[in-house]
Amino acid sequence: QVQLVESGGGLVQTGGSLQLSCVVSGRAFSNYAVGWFRQAPGMEREFVARITWSGGATTYADSVKGRFTIARSNAKNTAYLYMNSLKPEDTAVYYCAADASQDGSEWQGDYTHWGRGTQVTVSS
């Protein structure tokens with residue numbers, strides 16, 4: 001059973017930064033690609049970023065490109081989302097997810113394991 005636990009969310013002012021972490025347990029972390037998604041109130045969950053099992057390739061949503069960075073440490077069984085220049089429209093619950101295909105994608109249906117999410121609130 002694969003379990004994912006996110007942390008690092010909180011309240012930050014516009015222009016600030018946060019670092020989210022996603023600790024994966026239960027199976028070999030290096031077997032999975034990891035994606036970050038977010039869901040704002042009243043909105044559907046959307047793709048933010050993904051990283052392949054090796055960390056060799058990443059993809060970002062246009063809305064976060066240049067501001068967010070996804071990374072991973074297979075030695076620590078942890079994925080990260082570094083968020084800079086935060087905007088009020090980044091306010092959402094952020095979820096990490098694992099994809100056994102090892103490549104990951106922008107499509108939520110590819111991900112078989114999900115965390116419970118961490119709240120990020122950006123004040124104006």
Side-chain angles (χ1 to χ4, degrees):
Q1 184 74 13
V2 177
Q3 293 184 326
L4 294 83
V5 179
E6 304 95 336
S7 63
L11 174 64
V12 64
Q13 291 185 334
T14 296
S17 300
L18 282 174
Q19 175 186 317
L20 304 185
S21 298
C22 173
V23 177
V24 181
S25 61
R27 290 284 180 87
F29 178 59
S30 60
N31 287 343
Y32 295 88
V34 173
W36 284 96
F37 294 79
R38 67 186 182 185
Q39 187 168 20
M43 305 292 286
E44 293 187 354
R45 191 161 58 186
E46 64 176 5
F47 169 78
V48 175
R50 69 86 173 169
I51 188 166
T52 56
W53 69 276
S54 66
T58 57
T59 306
Y60 297 92
D62 288 343
S63 59
V64 306
K65 204 171 292 183
R67 300 188 298 123
F68 290 11
T69 301
I70 188 171
R72 66 187 294 157
S73 168
N74 287 348
K76 296 182 178 180
N77 290 350
T78 303
Y80 305 95
L81 187 67
Y82 301 100
M83 306 187 296
N84 298 313
S85 302
L86 283 162
K87 306 174 182 180
E89 50 264 44
D90 294 318
T91 295
V93 177
Y94 283 72
Y95 299 89
C96 67
D99 172 14
S101 77
Q102 301 189 342
D103 287 332
S105 75
E106 300 179 26
W107 185 45
Q108 299 181 42
D110 279 344
Y111 295 85
T112 53
H113 304 282
W114 291 81
R116 292 189 173 185
T118 185
Q119 176 71 47
V120 171
T121 304
V122 184
S123 63
S124 57

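Note that these values count all heavy atoms, side chains included, but never hydrogens, waters or copies made by symmetry. Computed from a prediction, not measured in an experiment: that's the story for all the values here.
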Among Asp99, Asp110, Thr59, exactly one meets side-chain hydrogen bond (donor to acceptor under 3.5 Å, both in side chains) together with Arg50. Which residue is that? Thr59
Please determine whether residues [X] and [Y] belong to a single hydrophobic cluster, defined as Ile, Leu, Val, Met, Phe, Trp and Tyr linked transitively by side-chain heavy-atom distances below 4.5 Å.
X	Y	answer
Ile51	Val23	no
Tyr95	Phe68	no
Val64	Tyr111	no

Between Ser101 and Asp103, a side-chain donor and acceptor under 3.5 Å: no
Does one side chain, of Ser17 or Asn84, offer a donor that lies under 3.5 Å from an acceptor on the other? yes
Give the intermediate values and the outcome of side chain to side chain contact (heavy atoms under 4.5 Å, CB included) for residues Phe29 and Val34. CA-CA 9 Å; Phe29 178 59; Val34 173; 3.7 Å; yes
With rounding to the nearest 0.5 angstrom, report the [atom1] to [atom2] distance, [X] to [Y].
X	Y	atom1	atom2	value
Arg67	Ser85	CZ	OG	7.0 Å
Ser123	Gln13	OG	CD	5.0 Å
Lys65	Tyr60	NZ	OH	10.0 Å
Ile70	Tyr82	CD1	OH	11.0 Å
Leu20	Met83	CG	CE	4.0 Å
Lys87	Ser124	NZ	OG	14.0 Å

Measure across [X] and [Y] and return the closest heavy-atom pair with its distance rounded to 0.1 Å.
X	Y	value
Ala49	Leu81	CB-CD1, 4.3 Å
Ser54	Arg72	C-CD, 4.5 Å
Thr118	Gly8	OG1-N, 4.2 Å
Tyr32	Ala98	CD2-CB, 3.8 Å
Val120	Gly9	CG2-CA, 4.1 Å

Is Gln108 reaching over with its side chain to a backbone N or O of Phe47, donor-acceptor style, under 3.5 angstrom? no
Would the distance check show the side chain of Asp90 and the main-chain N or O of Ser63 forming a donor-acceptor pair, the cut-off being under 3.5 Å? no
For Tyr80 and Ser73, run side chain to side chain contact (heavy atoms under 4.5 Å, CB included): C-alpha distance rounded to whole Å, both residues' side-chain angles, the deciding distance at 0.1 Å, then the answer. CA-CA 8 Å; Tyr80 305 95; Ser73 168; 4.2 Å; yes
Mind checking whether Phe37 and Trp114 have parallel, tilted or perpendicular rings, split at 30° and 60°? tilted
Of all residues at least two apart in sequence or in a different chain, which pass the side-chain hydrogen bond (donor to acceptor under 3.5 Å, both in side chains) check with Tyr94? Arg38
With side chain to side chain contact (heavy atoms under 4.5 Å, CB included) as the criterion, how do Thr52 and Gln102 come out once you've worked through the C-alpha distance, each side chain's angles and the decisive distance to 0.1 Å? CA-CA 6 Å; Thr52 56; Gln102 301 189 342; over 6 Å; no
Going through the checks in order, is the side chain to side chain contact (heavy atoms under 4.5 Å, CB included) test met by Thr91 and Gln119? CA-CA 8 Å; Thr91 295; Gln119 176 71 47; 4.0 Å; yes
